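Quick caveat: nothing in here was measured; it's all calculated off a predicted structure. Protein chains get the first letters and strands the later ones, always in sequence-line order, with residue 1 at the start of each.
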Amino acid sequence: MPELPEVEVVRRTLAPHLEGETITRVEVRAARLREPLDAAAFARDAAGRRILGLRRRAKYLLIDLEGGTTLVIHLGMSGRLAVTDAAAAGSEATNAEPPLHEHLVVHLASGRRLAFRDPRRFGQAFTLPTATLDADRRFRHLGVEPLAAQGGLTGELLERAAAGRRGPVKPFLMDATVVVGVGNIYASEALFEAGIHPKRSVARIAAQRWQRLAAAVRDVLQRAIDQGGTTLNDFSDAEGNAGYFQVSLAVYGREGEPCRRCGEPVRRLTQAGRGTFYCPGCQT
DNA sequence: CGTAGACCCTGCGCGC
DNA sequence: TGCGCGCAGGGTCTAC
């Protein structure tokens, strides 16, 4: 479900509800996610701690806690986070059955709860020492943050990363060791915006086109954030609102439909097991 | 070293 | 109506 824009939208909508709150306890309902949820670690690192702030690295949501610990949540493909207020939590409690696939519930001192639901169980939740977070195996290999004010994504960076490589540009763009946050939707969209064919070898892209691609990635991601993310099936922000960038998608999910620029039917192909959408008229 | 493929898991929409 | 199939926004590991 979520790429960088969706995680960023969740972060922004979640932050006002969580900052300054204190975690009373973390309830693990189903531990078997991609990595097992460690209830003992949550009890040790999160219970009783105040929430200082929310950050994002790549597609990971980082909840910084008092005491030097960060609660890390990754939404995987189908993860959702939602805050429910005290009244709703109370009425739910009387309703017995918890929502399906609600694997983790963070209880807050105000009575509100942060619930993590993830049907496909590709998500993750774990705690790390804040100071050494970047050294963790899940973070240390990550590439540049595309929208960073300083050191964001540039054409030079893409060109340098591509040096000595072969392979098509679309999987390259989704390689998190190069640039983070670009998933399957926005890779197709950015390549359309840059006019580059998804199968073009990274060895055959000139400096000027790398510039265009870097700019397109930043532009597509920023526009998606501004529009609340892309809601194809089930994405919603922390307050349950759907995004609406899906109406701005140029190619993703539009196989057979006319290109909005040239009218050619949008085509679909498979790369590295994922669907790629492109316009044969606009992308070379 | 870089790349391709399998795999983790559940749900949905489609064609029959 | 029911069933099987393919597909789905992510990431990691193994084999070449």
A/Arg32 side chain, from C-beta outward: closest of B/dT3, B/dC9, C/dG9
B/dC9
Given atom CZ of A/Arg268 and atom P of C/dG9, what is their separation to the nearest angstrom?
8 Å
Atom CE of A/Met77 to atom C1' of C/dA8: distance rounded to whole Å?
5 Å
Only one of A/Arg260, A/Arg261, A/Arg223 passes salt bridge (charged side-chain N to carboxylate O under 4.0 Å, His left out) with A/Glu193; say which it is.
A/Arg223
Provide, to the nearest angstrom, the distance between the CG atom belonging to A/Leu269 and the P atom belonging to C/dC7.
13 Å
C1' atoms of C/dG9 and B/dT3, separation to the nearest Å
23 Å
Within 45 degrees of the ring normal and closer than 6.0 Å to the centroid, is that where the cationic atom of A/Arg55 sits relative to A/Tyr60?
no
Positions of residues 117-129 of chain A (non-hydrogen atom under 4.0 Å from DNA chain C), listed by number:
A/Arg120, A/Phe122
If I take atom OH from residue A/Tyr278 and atom CD from residue A/Glu255, how far apart are they, to the nearest 0.5 angstrom?
10.0 Å
Dot-bracket assigned to DNA chain C with the 3.5 Å Watson-Crick/G-U criterion, [ ] for crossing and | for other-strand pairs, is .|||||||.|||||||
Would you please confirm or rule out a distance under 4.0 Å between OP1 or OP2 of B/dG5 and any side-chain N or O of A/Arg274?
no
Between CD of A/Gln124 and CG of A/Leu104, what distance do you get to the nearest 0.5 Å?
12.5 Å
A/Arg137 CZ to C/dT12 C1': how many Å, rounded?
9 Å
Pick base, sugar-phosphate or nothing for A/Gly183, based on heavy-atom distances below 4.0 Å to the nucleic acid.
sugar-phosphate
For a quick test of reading the model: is some side-chain N or O of A/His74 closer than 4.0 Å to OP1 or OP2 of C/dG11?
yes
In whole angstroms, the gap separating C1' of C/dA8 from CG of A/Leu75 amounts to 16 Å
Under the rule for side chain to side chain donor-acceptor pair (under 3.5 Å), what residues qualify as partners of A/Asp175, not counting sequence neighbours?
A/Arg165, A/Thr177
Let me know the distance between NZ of A/Lys199 and P of B/dT3, rounded to the nearest Å.
17 Å
A/Phe192/A/Tyr252 aromatic ring centres below 6.0 Å
no
Counting only N and O atoms by type, is there a donor-acceptor contact under 3.5 Å from the side chain of A/Thr69 to the main-chain atoms of A/Leu65?
no
Counting distance alone, no hydrogens or angles: does the base of C/dG9 have a donor or acceptor under 3.5 Å from a partner atom on the side chain of A/Asn233?
yes
Without decimals, in angstroms, what is the distance between A/Arg80 CZ and C/dG9 P?
17 Å
Measure from the side-chain N and O atoms of A/Arg212 to the backbone N and O of A/Ala216, and report whether any donor-acceptor pair falls under 3.5 Å.
no
Is the backbone N or O of A/Ala58 less than 3.5 Å from a side-chain atom of A/Glu145, with the two atoms forming a donor-acceptor pair by type?
yes
Can a side-chain donor-acceptor contact be found between A/Arg166 and A/Ser201 if the only test is distance below 3.5 angstrom?
no
Closer than 4.0 Å, any side-chain N/O of A/His101 to the OP1 or OP2 of B/dG11?
yes
Check every strand shown and say whether A/Tyr186 touches a base, only sugar-phosphate, or nothing at a heavy-atom separation below 4.0 Å.
nothing
Rounded to the nearest Å, what distance is computed from the CG atom of residue A/Asp175 to the P atom of nucleotide B/dG2?
9 Å
Is there a side-chain contact between A/Arg166 and the phosphate of B/dT3, meaning an N or O under 4.0 Å from OP1 or OP2?
no
From the options C/dT12, B/dG11, C/dG10, select the nucleotide whose nearest atom is closest to the side chain of A/Lys59.
C/dG10
